[in-house]
Amino acid sequence: MSKNKLTADQWDELNFPRPTEQEFDRVVERAISRRGFLGGALAFGSGAAVMGTAFFKGSTALAEGGMTFPFEGIPAFTDNTIHVPEGYEWKVLVRWGDALFSDAPAFDPAKGIPAAGSDRVFGENTDGMELFSIDGKEILVVNSEYTNNDINLPHAADGIPVSAEDVLTLQNLQGVTVMELAEGAEGWAPIIDSPFNRRITHLTPMTIDGPAAGHDLLKTEADPTGTASLGTFNNCGSGRTPWGTYLTCEENFNGYFGATAEVDYDEEIAKGYKRYGISTKAEPGSYNYHGFDPRFDVSVNPNEPHRAGYIVEINPADPTSTPVKRTALGRVKHENAEAVLAADGRVVVYMGDDERGEFVYKWLSRDAYVEGGDTSTLLTEGQLYVAKFNDDLTGEWVALTPEATGMDAAHIAIFTRTAASAVGATTMDRPEWIAVNPTAAEAYCCLTNNSRRGTKNDDGSLKTNAGGDEMAVNAVNPRETNNYGQIVRWRPAGEDHGADSFTWDLYVMAGNPTLNAEGPYAGSANINAGNLFNSLDGLAIDSTGMVWIQTDGDDSNADEYVGMGNNQQLAGDPVTGEIRRFLTASFGAEVTGLTWSTDRKTMFVGIQHPAAPFPDGEASLPRSAIVAVKRTDGALVG
């Protein structure tokens, strides 16, 4: 496997190896019976579940008060196309390399896009996205998370850039796309040369605000003020504010930095590099930006990585606006940003840090949102919290204050993981997308997997996250070597997302009951042979309350994943827990990113890193894409 094909976790293992694991004890005894919160009994796959019986009146038939599914679930598929239920249809909306402007270079099926003009086309590896209605126009904003270097640079060995031109191509193909859409007789399509169209790349000027702005750790030779930077990186999930701006989330930013020389780093910087996975090895790495752009060479510019890892706010209505990095929301490997209003109108933003053993966060603004009022302080002035999930199915949000962490406000913003560790936050199984139910006071978070949970080092000690926090099994993460994942759901006290406490349960635990008749790896009662999946990742809840789950897992359809087929999108009833498979992707692809047209008659779904021949046939490089899904009868799809 070439380095550019490594997952983020595999990259971390390569650069920051941990000792090999040993045998582990059964999770039933360690995480369930020992705690007794199920009365000492666990019946995964047989009816009782950690989710709470009030929400599982039946796993195969709708319970009283449940939702009516408008489709029949589809089987698993392993081919190179997309499948949706009977009564639905899909079409490609836009692919990597499709023109946004009339002066864009044409896509070469064998070579892709040249460096010149690579910022004039739709980006690579679509991820989070949101649709905005602006002056009656449909404006789609989409993340491009990373590049498949061996596909984007087919001339380069293992896809590792060998020139500044190669680096420029990769820098331009990532970031964010803003584009106007319209639906015509042939379906939806981007409007070429729309005044709303815009590419935001690794080279786009950004403003830095919040407690980290101007701090010495953010100052560089290019920006001695520490208040401006270039580019937004590894844009994974997304969010939208009540005032109509887009939130893009910087996730695995660490992989873009490297060193050309071995140097001694300041102790504070070195500790931060270790916690966030910044490599100081003098080697090319998969992106090799630092070989041709000294901004990414930490042996020359050690502060540059401190300027990445934030949530960035973008105004899609103004293509001349400068994106803003909101450091008050913390510096972690952000998955998405789910915004909702507290009972008193203050802004709440839920966030997950997508790495094994990291944490779930919440932002609460100081001021209330007032429609048409000033919003400039709402993501700058307030309080950042981290979650503790207790074994009795309660939890609390712990404020990351200087008094609680022993760190000042700027250091909390820059080294947020360290602050969360200091207050004893609950280590989680890779917190990914978070979604808030618009029909009930509850939030859901995908915990995708954690191969290290509950495993041991050679000396018998438990494995830890990068900060040294042990990853023992706990009530919310109850399985050792968790390769399937689960969704945790919490309900804020008083039905107020601004509250500092909550109750929680598990909406689903993925598993494979066809291999495991019982026990934790069979999954929860709402998992059956007809809806198997693993590594839940993307998450959205539509206007009716339907929970939409997207996966980024093992699609080998073999061994512990047999019967699961390609990655997929499923729909779940939040009341009964019933889950049905709605869409399957082409082989090799992740399903990620979900939004709807303003009239709710079209669902836009992202298809990331597909294998050939999707979507253009064997004669073309594979191309990530967004597809538009509609009902053939023209009815609503969410």
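Heavy-atom basis, side chains included; hydrogens, waters and symmetry copies ignored.
- Remark: Phe122 engages no residue in a ring-ring contact (aromatic ring centres under 6.0 Å, His included) (not counting sequence neighbours).
- Aromatic pair Phe604/Trp188: centroids less than 6.0 angstrom apart.
- No option in Thr126, Asp127, Thr592 other than Asp127 meets the side chain to side chain donor-acceptor pair (under 3.5 Å) test with Gln608.
- For Phe196, there are no ring-ring contact (aromatic ring centres under 6.0 Å, His included) partners, not counting sequence neighbours.
- Side chains of Arg356 and Ser451: a donor on one and an acceptor on the other come within 3.5 Å.
- Residues satisfying the ring-ring contact (aromatic ring centres under 6.0 Å, His included) criterion with His83, sequence neighbours excluded, are Phe77.
- Looking at residues two or more places apart in sequence or on another chain, you find no salt bridge (charged side-chain N to carboxylate O under 4.0 Å, His left out) involving Asp119.
- Asp555 is linked by a side chain to side chain contact (heavy atoms under 4.5 Å, CB included) to Asn566, Asn567, Phe587, counting only residues two or more places apart in sequence or in another chain.
- The side chain to side chain contact (heavy atoms under 4.5 Å, CB included) test applied to Asp559 returns no partner, not counting sequence neighbours.
- Between Phe233 and Tyr256, the ring planes lie tilted relative to each other; the angle falls in the 30° to 60° range.
- Of the N and O atoms on the side chains of Asn336 and Ser238, not one donor lies less than 3.5 Å from an acceptor on the other residue.
- A donor-acceptor contact closer than 3.5 angstrom links the side chains of Thr598 and Glu138.
- Inspection of the Glu442 and Tyr444 side chains reveals an N or O donor paired with an N or O acceptor under 3.5 Å.
- Judged as a side chain to side chain contact (heavy atoms under 4.5 Å, CB included), and not counting sequence neighbours, the contacts of Cys249 are Ile311, His334, Ala337.
- Residues Lys601 and Trp596 form no side-chain contact, since every pair of their non-hydrogen atoms from C-beta on lies 4.5 Å or further apart.
- Side-chain contact, Ser624 with Glu124: a donor N or O sits under 3.5 Å from an acceptor N or O.
- Residues forming a side chain to side chain contact (heavy atoms under 4.5 Å, CB included) with Asn235 (at least two apart in sequence, or on another chain): Asn143, Val176, Thr232, Thr248, Glu250.
- Partners of Asp135 by salt bridge (charged side-chain N to carboxylate O under 4.0 Å, His left out), not counting sequence neighbours: none found.
- For residues 617-637, every residue pair satisfying the salt bridge (charged side-chain N to carboxylate O under 4.0 Å, His left out) rule, not counting sequence neighbours, is listed here: Asp98-Arg623, Glu183-Lys630, Asp616-Arg623, Arg631-Asp633.
- There is no side-chain donor-acceptor pair under 3.5 Å between Asn477 and Asn482.
- Between the side chains of Asp79 and Thr81, no donor N or O sits under 3.5 Å from an acceptor N or O.
- Judged as a salt bridge (charged side-chain N to carboxylate O under 4.0 Å, His left out), and not counting sequence neighbours, the contacts of Glu130 are Arg240.
- Remark: Glu432 engages Arg430 in a salt bridge (charged side-chain N to carboxylate O under 4.0 Å, His left out) (not counting sequence neighbours).
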